[in-house]
Amino acid sequence: MVTTTADSIAAHTKYEPVIGLEVHVQLLTATKIFCSCSTRFGAPPNSNVCPVCLGMPGALPVLNKKVVEFATLAAMALQCRINETSIFARKNYFYPDLPKGYQISQYDKPLAEFGFIEISAGKGKKKIGITRVHLEEDAGKSLHEGFPDSDEKTAIDLNRTGVPLIEIVSEPDIATPDEAYEYLTRLKEIILYTGVSDCNMEEGSLRCDANVSVRPRGQKEFGTKAEIKNVNSFRFIREALEYDIRRQIDVLESGGKIPQETRLYNSNEGKTYSMRSKEQAHDYRYFPEPDLLPLVVDETWKSEIARTLPELPEARRARLVKDYGITEYDAQVLTFSKSLADQFEEAAKAAKNPKRVANLVQGELMGRLKAKGIEIEQSPISMKGVAASADLVEGGRISGKMLKDLYDLAFERGKDFPVVYEEEGRPQQSTDTSALEKMIDDVLAANPKQLEQYRAGKTTMLGFFVGQVMKASKGQASPQIVNELLAKKLS
Ligand code: ADP
Ligand code: ZN
Ligand code: MG
């Protein structure tokens with residue numbers, strides 16, 4: 001029972017949660033880890049199989065080189081130390097969708113160790129340790145639904161057996177469900193930047209098991225953990241953790257004990273349920289895989305892989321702030337994906353004023369995307385389009401109001417900015433020159449000394465006057481037109 005009485009709130013501040021996450025990520029290789037079968041998702045059941053991934057007697061695994069490169073790249077992006085030699089191990093258990101009766105994984109000598117992910121926590125930053133990144137093969141898929149004749153049947157699809165996975169195990173450094181959510185968000189972002197996985201949760205390319213315990217605040221030893229399995233969104237993981245933390249505290253407060261167990265989350269009810277006690281299911285009798293040599297990633301290979309490591313999101317954000325004078329927040333939005341960041345940089349480099357490109361993304365694009373319920377990657381206005389519009393405003397060709405109207409049209413028509421700008425016949429802002437002329441006269445009258453210097457041949461004073469007029473117009477005037485009018489007046 002979850003209660004929210006004053007007593008229970010007091011009890012909850014007495015305890016602190018401890019969370020560690022185990023994340024499985026499917027690598028985007030064309031073929032499986034130990035055979036040449038395709039990894040394509042959605043193929044007809046049991047069509048991507050061969051004697052190796054079906055576990056036929058005598059069939060031998062051959063390690064896919066690309067898998068090692070992808071896994072190593074991911075581990076490097078997670079700041080891990082790559083072990084020169086790692087060992088494949090058999091994890092023995094019986095399950096209908098595991099035809100060999102064991103899974104080839106890594107155990108005491110994993111591919112990589114000692115990494116971390118930096119997350120924001122509260123107002124600051126915090127490093128969450130990564131214990132290990134190891135390679136393993138996926139199991140098949142049991143399908144319990146969709147049989148009209150009986151609901152007691154289970155079908156098995158072995159297309160997924162032997163699909164390459166990395167498992168990323170965190171240290172129990174995560175202190176709240178929000179931190180867990182943030183860790184997963186950063187983890188996914190980093191993996192997406194490396195391009196080794198699409199991290200698609202619906203298709204099972206990213207799966208997370210959450211381990212959680214509670215302990216009295218200040219106590220050093222960890223409490224007994226529950227492992228929550230197979231939760232299929234980051235939001236549900238946060239919810240499942242919130243629920244289970246409250247549940248565990250309530251058990252302890254009422255004098256009970258937390259058993260070590262595996263639990264499942266029911267997202268409709270917002271509750272976790274015991275699936276099995278851990279003791280029952282935990283002797284995997286790991287031993288070194290006799291059919292595979294130790295995996296050696298030597299210095300040469302390592303540095304070849306390191307060369308393909310892209311700039312990572314955190315570093316890129318810092319650089320964008322520095323290079324383009326944009327805010328942290330702008331940088332956050334613009335690095336949402338690697339392709340978006342690439343597009344922005346390409347556009348910003350070509351634009352007269354990169355800061356204006358960032359401002360338009362923030363001020364004009366994001367709101368319209370949100371209203372339409374689409375991601376920036378599906379935006380009708382491309383980053384190049386934003387840059388083109390920024391240049392038009394910068395050059396005084398169109399006003400801010402006109403830009404807004406053109407953006408509205410672009411969204412209405414589902415077309416990019418330059419297309420709509422052409423369709424509308426390259427509109428230009430009509431400028432009220434009489435008001436501007438009055439401002440110019442005022443500026444000249446107010447600065448007789450500078451005017452004298454200008455007349456004496458110091459033509460650089462023109463810039464000063466333009467600046468003053470722009471200021472007087474509160475930035476509304478077109479600098480181009482101000483320039484033209486001033487030149488006329490002064491000649
Ligand atoms: P197991 O042997 O049950 O797989 P591990 O020690 O390998 O347990 O840890 C698995 C995951 O659980 C790791 O992410 C680790 O950080 C986390 N973890 C370990 N002990 C605890 C605990 N007491 N409370 C919360 N998380 C824990
Ligand atoms: Zn195969
Ligand atoms: Mg473990």
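Every number for a ligand or one of its atoms is a count from 1 in the order of the listing.
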A student checking ligand 1 against Val18 at a 4.0 Å heavy-atom cut-off should list atoms 24 (N), 25 (C)
The ring pair (Phe, Tyr, Trp, His ring centres under 6.0 Å) partners of Phe287 (sequence neighbours excluded) come to none
Quick note on ligand 1: atoms under 4.0 Å from a heavy atom of Val169 include exactly 13 (C), 14 (O)
Heavy-atom nearest pair, Arg215 first then Glu221, reads CD-O, 3.4 Å
- Query: With a 4.0 Å cut-off, would you call Lys14 and Glu253 a salt bridge?
  - Reply: yes
* Asked: Does Lys127 make a cation-pi contact with Phe116 (under 6.0 Å, within 45 degrees of the axis)?
  -> yes
If we number the atoms of ligand 1 from 1 as shown, the ones under 4.0 Å from a heavy atom of Phe222 are 23 (N)
Nearer than 2.8 Å to the Zn ion (ligand 2), the protein contributes N, O or S atoms numbering 4
Under 4.0 Å from one or more heavy atoms of Gly223, ligand 1 contributes atoms 23 (N)
- Should the pair Asp173-Lys126 be classified as a salt bridge under the 4.0 Å nitrogen-to-oxygen rule? no
Quick note on ligand 1: atoms under 4.0 Å from a heavy atom of Glu171 include exactly 16 (O)
Tightest non-hydrogen contact, residues Phe34 and Val52, listed as O-CG1, 3.5 Å
Contact region, Thr224 to ligand 1, non-hydrogen atoms below 4.0 Å, reads neither
Pro172 heavy atoms within 4.0 Å reach ligand 1 at atoms 16 (O)
Going by the 4.0 angstrom heavy-atom rule, the piece of Asn211 near ligand 1 is both
Classify the side-chain pair Gln26/Ser197 by whether it contains a donor and acceptor separated by less than 3.5 Å. no
Kindly indicate whether a cation-pi arrangement holds for Arg238 with Tyr181, taking the cut-offs as under 6.0 Å to the six-membered ring centre and within 45° of the axis. yes
Under a 3.5 Å threshold, yes or no: a donor from one side chain and an acceptor from the other, between Tyr324 and Glu345?
yes
Honestly, for Glu227 the part within reach of ligand 1 (heavy atoms, under 4.0 Å) is neither
Next on the checklist: Under a 3.5 Å cutoff, is there a donor and acceptor pairing between the side chains of Glu269 and Tyr265?
Outcome noted: no
